[in-house]
Protein chains: 2
Amino acid sequence: MLSYAVSTNLRAPSIVNDPWTPLGIIVSAARNAEIFAEGDHVEKVYKVIHGAVRITKLMADGRRIITGFHLPGEFFALESGSVHRFSAEAVAESTLLAIPRKAIVAKASQDGALSSQLWTMAGASLDRAQEHMLLLGRKNAVERVATFLLDMAARTGTDIDMPLPMSRQDIADFLGLTIETVSRTLTQLERDGDIALSGARKVTLTNRKRLLHLEG
Amino acid sequence: MLSYAVSTNLRAPSIVNDPWTPLGIIVSAARNAEIFAEGDHVEKVYKVIHGAVRITKLMADGRRIITGFHLPGEFFALESGSVHRFSAEAVAESTLLAIPRKAIVAKASQDGALSSQLWTMAGASLDRAQEHMLLLGRKNAVERVATFLLDMAARTGTDIDMPLPMSRQDIADFLGLTIETVSRTLTQLERDGDIALSGARKVTLTNRKRLLHLEG
DNA sequence: CGGCCCCTTGAAGACTATCAAGACTTGTGG
DNA sequence: CCACAAGTCTTGATAGTCTTCAAGGGGCCG
């Protein structure tokens, strides 16, 4: 479920100092809540305040791909078109800034810097998508998992006890593998001393150099 | 090799009537010529006039993915960033319109419609990328090849004797398969009566309904 | 006409998926 | 606070799809 709250109720510095905050409203999303679905009319652009969001696409028979995860500070649904071509769901309890597309478009038409920033963010999305196509099309299971762990570490800024907010199934659907292969690969990396798992959702990268090598 | 020609030497209606034409210059690219490489400084935006272009990413050991093909009328290298994150090469002898990024950015800052059009095109790229991630992550070989053939038919507007300008290796690198699997799958589709091959580079879709079903 | 490149086909093997069962976690209600 | 239930994760055995290795066929251009 999505619930709406007055943005001034929250006062984390990252929100208050954010130039985007006045344009939107703060929204809460429970774990696994749908933020929007494929086919929905496009109305808002989102920025993750805390939590994590997954972008998914489905096939008719239920096969699923997660095209990306979005962590705090990152935007999503920044694309054009009047209808969403993918769904967005909260991976964990999350807080989002929801900005009406109209407000952004209006501001951007007068503000060259904003316009350019939007452009840059859209380009970054495409970069990430292309990098991920390389992973999905050409990397083996170990390389995929290593890439995923290093990317998460880079984005969260943590090497030690790094939280993985998403389930094994989410990771599998992101990496184009099955849940069993993800689990087995993580176990293998742990046996090899490259990572240490503290429960299923916390990882420490104990041998970064080797992971970088495995990344391919 | 890339060679430059004066744009006024060409007079195909699609070029003359194109509002983009006056912004750029016409460039020729020989088969397999590199248009730009990963790491190159970003200077131009391109529109395919005729021929076909492939966008590629490489791994250190030579594994390659083609993230997309661009056919006449389509733009590429429309993204932000000062350095290219992928390479572009001509699949076949091609003619391109090369537009300095500066000219586009300058014009867009004054022209809301142009700005919005750029936005739309960037969004379309991301849509295609996400659809392709679904293919690479979750479809089997037959589904991948069927999807590819239907997409090419939709973009060229041809069902019969549709030319495939790219090699089997290019198709394989686009679909995340090997050249042998692509060849075998095409042969199988032909045996099943879904397509007819006239030489390796021409296909007729003889059973569209079945291909649509195979697409997944 | 010959050579080269591209494509096709065959056989064997590897990697990941599938099927199956058990262990651990987490949350809930008694 | 404990016990149970449901969901999640791990592990094992087997199977299947695609890759790899290998060789031959076909078309295009000089």
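Throughout, protein chains are lettered first and strands after them, A, B, ... in sequence-line order, and every chain is numbered starting at 1.
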With a non-hydrogen cut-off below 4.0 angstrom, is A:Arg201 in contact with a base, only sugar-phosphate, or nothing? sugar-phosphate
Nearest whole Å is fine: how far is C:dC15 P from A:Gln188 CD? 11 Å
Rounded interatomic separation in angstrom, taking CD1 from B:Ile171 and C1' from D:dC18: 17 Å
Rounding to an integer number of Å, can you tell me how far B:Leu164 CG sits from C:dC7 C1'? 13 Å
Distance-only donor-acceptor test (3.5 Å): side chain B:Arg184, base C:dG10: yes
Which of C:dT16, C:dC6, C:dT9 is nearest the side chain of B:Ser183? It is C:dT9
Does the ring center of B:Tyr46 lie less than 6.0 Å from the ring center of B:Phe75? no
For atom CD1 of A:Ile160, decide whether the heavy atoms of other residues, nucleotides or ligands shown that lie under 6.0 angstrom number more than 12. no
5'-most contact on DNA chain C: A:Ala141 or B:Ser167, nearest heavy atom basis? B:Ser167
For A:Arg138 and for A:Val182, find the nucleotide of DNA chain D with the closest heavy atom, then tell me which residue's nucleotide is more 5'. A:Val182
Base, sugar-phosphate, or nothing for B:Leu186, non-hydrogen atoms under 4.0 angstrom? nothing
Determine whether a donor-acceptor pair (one donor, one acceptor, N or O, separation below 3.5 Å) exists between the side chain of A:Arg191 and the base of D:dT11. no
Rounded to the nearest Å, what distance is computed from the CG atom of residue B:Asp173 to the P atom of nucleotide C:dC7? 12 Å
Looking at D:dT11, I'd like to know if its phosphate oxygens (OP1 or OP2) sit under 4.0 Å from a side-chain N or O belonging to A:Thr187. yes
Show, in sequence, the C-alpha distance, side-chain angles and deciding distance for A:Asp194 and A:Thr206, and conclude whether the side-chain hydrogen bond (donor to acceptor under 3.5 Å, both in side chains) test is met. CA-CA 5 Å; A:Asp194 298 330; A:Thr206 46; over 6 Å; no
Could you check which of C:dT8, D:dT19, C:dA17 has an atom nearest any side-chain atom of A:Thr178? C:dA17
Hey, is the side chain of A:Thr181 poking within less than 4.0 Å of OP1 or OP2 on C:dC15, counting only N and O atoms? no
What's the closest nucleotide to the side chain of A:Asn140 if the choices are C:dT8, C:dT16, D:dT10? C:dT16
Tell me: NZ of A:Lys139 to P of D:dT19, nearest whole Å? 18 Å
Check for a donor-acceptor pair, side chain of A:Thr67 on one end and backbone N or O of B:Gln130 on the other, with a separation under 3.5 Å. no
Comparing A:Gln169 and B:Glu180 on DNA chain D - which has the more 5′ nearest nucleotide: A:Gln169
To the nearest angstrom, how far is B:Leu197 atom CG from D:dG26 atom P? 15 Å
Atom CD1 of A:Ile179 and atom C1' of D:dT8: how far apart are they, to the nearest Å? 7 Å
Taking the six-membered ring for Trp, are A:Phe36 and A:His41 ring centroids under 6.0 Å apart? no
What is the separation between atom CG on A:Leu189 and atom C1' on D:dC9, rounded to the nearest whole Å? 16 Å
Just verifying a value: how many Å separate B:Leu189 CG and B:Leu214 CG, rounded to the nearest 0.5 Å? 6.5 Å
According to a strict under-4.0 Å criterion, is B:Arg168 in side-chain N/O contact with OP1 or OP2 of D:dG26? no
